[in-house]
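For ligands, and for the atoms within them, numbers begin at 1 and follow the listed sequence.
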Amino acid sequence: MPKVLVSDPIDQAGIDLLGQVAQVDERPKLSPEELLRIIPEYDALMIRSGTQVTQEVIEAGTNLKIIGRAGVGVDNVDVPTATRKGIVVVNSPEGNTIAAAEHAIALMMSLSRHVPQANQSLKAGHWDRKKFTGVEVYKKNLGIVGLGKIGSHVANVAQAMGMKILAYDPFLSQERADQLGCRLVDLDLLFSESDYITLHLPKTPETTNLINAETLARMKPTARIINCARGGIVDESALAEALKAGKIAGAALDVFANEPLKESDLFEVEENLILTPHLGASTEEAQVNVAIDVAEQIRDVLLGLPARSAVNIPGLKPEVLEKLKPYLMLAETLGNLVGQLAGGRIESLDVRLQGELAKTDSKPIVIAALKGLLTPALRERVNFVNAAIEAKERGIRIIETKDSDVRDYAGSIRLVAKGASESRSVNGALLADKEMRITSIDDFPISVIPTQHMLLTLHRDMPGIIGQIGSTLGKFNVNIASMQVGRKLVRGDAVMVLSIDDPLPEGVIDEITQAPGIRDAYMVSL
Ligand SMILES: NC(=O)c1ccc[n+]([C@@H]2O[C@H](COP(=O)([O-])OP(=O)(O)OC[C@H]3O[C@@H](n4cnc5c(N)ncnc54)[C@H](O)[C@@H]3O)[C@@H](O)[C@H]2O)c1
Ligand SMILES: O=C(O)CC[C@@H](O)C(=O)O
């Protein structure tokens with residue numbers, strides 16, 4: 001019988017389901033050292049947010065076939081290492097949507113009516129009614145940042161309570177916002193007009209410290225903030241300062257930059273701050289949903305069937321997967337790249353399969369490209385199963401073409417993403433050893449191995465540009481691993497692609513874009 005290790009508290013419904021096909025060992029209090037020691041025995045690992053599944057754990061798990069996260073976020077799993085090792089990582093993208101949305105609403109109402117503070121005061125022997133006079137949410141503006149699954153449910157419930165919704169989501173179509181009855185606005189307007197601001201977006205480099213001293217200063221003194229998304233989207237020290245100085249009226253946080261929250265400036269705020277220990281998903285219903293959802297997928301994978309919600313490997317028959325895998329990785333990488341270049345809302349994605357690829361079933365490759373395209377917006381919530389649906393909901397039109405002419409490579413993929421104002425294109429191919437190459441960007445020929453952090457520039461082909469960028473990067477202590485320039489005409493326009501060892505520090509892109517001859521510069525993370 002295969003063996004499954006359950007290293008976080010998981011609802012019994014999931015344990016019972018797995019028990020039908022495997023030996024299930026529940027060990028919720030393992031130290032990292034114990035986990036490393038016993039993981040080689042197991043075929044599957046089931047976790048919540050408590051277990052850190054590091055590169056070391058995955059490499060020690062020589063029998064592991066699947067890691068199941070009973071929840072949405074796979075931030076605690078080293079997914080790239082799992083993918084390299086052929087281990088499927090699955091999650092439950094929808095099992096706790098309602099729970100998280102209802103917790104945000106509960107916090108909004110608690111903030112409005114001082115429920116926790118009044119409860120504490122009464123139990124301490126006071127009958128203080130005046131102090132706890134609240135405010136109504138009826139007819140107030142609720143600003144929702146991130147109008148995905150949880151944000152949409154919050155919008156529906158809040159509208160039923162008579163609230164007006166302002167929403168900011170740079171990846172959502174106007175059509176979807178209209179369907180939800182939300183007014184799509186920019187962040188500046190959302191911050192300055194909202195009475196309540198609730199966050200339902202992923203944590204990414206762009207959204208880290210989105211709520212900071214500067215954005216807090218733009219809010220109404222009566223504004224109240226709720227964060228049930230991810231810790232780190234709110235700068236906790238800046239929030240503590242703003243609350244103490246009365247710059248905003250209140251805040252409620254369920255998630256924190258460092259969990260469990262032990263020491264924090266937040267503990268110094270006496271009033272108008274409500275904190276809960278990451279309880280968004282903690283309802284009986286959500287825990288049953290996520291446990292069953294993930295246990296079923298572990299069972300299926302252990303029985304040799306595909307998983308329905310794999311974050312990293314599509315649900316194809318093993319023999320098809322083996323053949324297509326390098327092209328799927330290429331399509332996903334190119335999708336991610338063109339998505340970051342196009343930025344924001346995308347109206348259509350043109351997927352062209354060239355050479356030997358024209359003879360294969362295009363569907364998995366198109367899905368891989370869409371998964372890559374949506375990853376900057378949706379992170380771990382987009383997978384091979386929901387990528388097409390998510391793209392449709394965002395109003396992205398897919399155009400597929402096949403061209404069996406062999407050009408420089410046996411098989412290659414071209415993606416063109418059309419944004420609101422311009423189109424961006426990328427081409428890529430596999431070399432004989434299956435190594436990926438980006439072979440053009442916006443039709444400028446290059447031959448670049450995709451790496452985790454890349455700087456791209458569009459500039460005039462003129463003397464001094466390369467040295468100028470090199471010295472700017474040197475000034476910011478950024479190490480360049482490789483560099484490539486592609487041009488169509490001598491002294492015309494050109495692109496430069498630099499592989500760098502780390503993400504760019506703040507300020508570098510601004511400095512580069514201001515330099516003479518530079519038309520644009522992008523930081524791309526793959
Ligand atoms: N507190 C909890 O226990 C708990 C439970 C479940 C989910 N979550 C978190 O809630 C958040 C939302 O989850 P979901 O299931 O609704 O995800 P989702 O993928 O359905 O929605 C996220 C939305 O954020 C948008 N977005 C991405 N980048 C953005 C940006 N820079 N600005 C504004 N919007 C942006 C996306 O377009 C998408 O519509 C996630 O961070 C998730 O990890 C927390
Ligand atoms: O309670 C948990 O497991 C965390 C839930 C939540 O943050 C998620 O990402 O699903």
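Looking only at side-chain heavy atoms (C-beta outward), Asn289 and Ser92 stay at 4.5 Å or farther from each other. In this structure, the side chains of Leu370 and Leu373 come closer than 4.5 Å at one or more pairs of heavy atoms. Contact check for Leu455 versus Ile509: side-chain heavy atoms found under the 4.5 Å cut-off.
Contacts between Thr204 and ligand 1, counted as non-hydrogen atom pairs separated by less than 4.0 Å, are absent for every part of the residue. For Thr207, every heavy-atom contact with ligand 1 shorter than 4.0 Å involves the side chain, none the backbone. Residue contacts with ligand 1, taken as heavy atom pairs separated by less than 4.0 Å, do not involve Glu390 at all. Contact annotation for Ala100 and ligand 1: only side-chain heavy atoms (C-beta onward) come within less than 4.0 Å of the ligand.
The protein heavy atom nearest to atom 7 (C) of ligand 1 is Ile150 CD1, 3.4 Å. Protein heavy atom in closest approach to atom 17 (O) of ligand 1: Arg381 CD, 2.7 Å. When only non-hydrogen protein atoms are considered, atom 38 (C) of ligand 1 lies nearest to Arg394 NH2, 3.2 Å. Looking from atom 6 (C) of ligand 1 to the surrounding protein, the closest heavy atom is Asn96 OD1, 3.3 Å.
Look at Gly73 and you'll find every heavy atom at least 4.0 Å from all atoms of ligand 1.
Not a single N or O atom of Thr97, backbone or side chain, sits closer than 3.5 Å to an N or O atom of ligand 1. At under 3.5 Å, not a single nitrogen or oxygen of Phe171, backbone or side chain, sits near a nitrogen or oxygen of ligand 1.
For the atom pair CD (Gln52) and CG (Asn76), the distance works out to 5.5 Å, reported to the nearest 0.5 Å.
Under the side-chain contact (heavy atoms from CB on, under 4.5 Å) rule, Tyr522 has a single partner from Thr513, Thr457, Leu341, Ile512, which is Leu341.
Within 4.0 Å of ligand 2, protein heavy atoms come from Arg48, Ser49, Arg69, Gly71, Val72, Gly73, Asn96, Arg230, His278, Ala281.
Residues passing the side chain to side chain donor-acceptor pair (under 3.5 Å) test with His278 are Glu259, sequence neighbours excluded.
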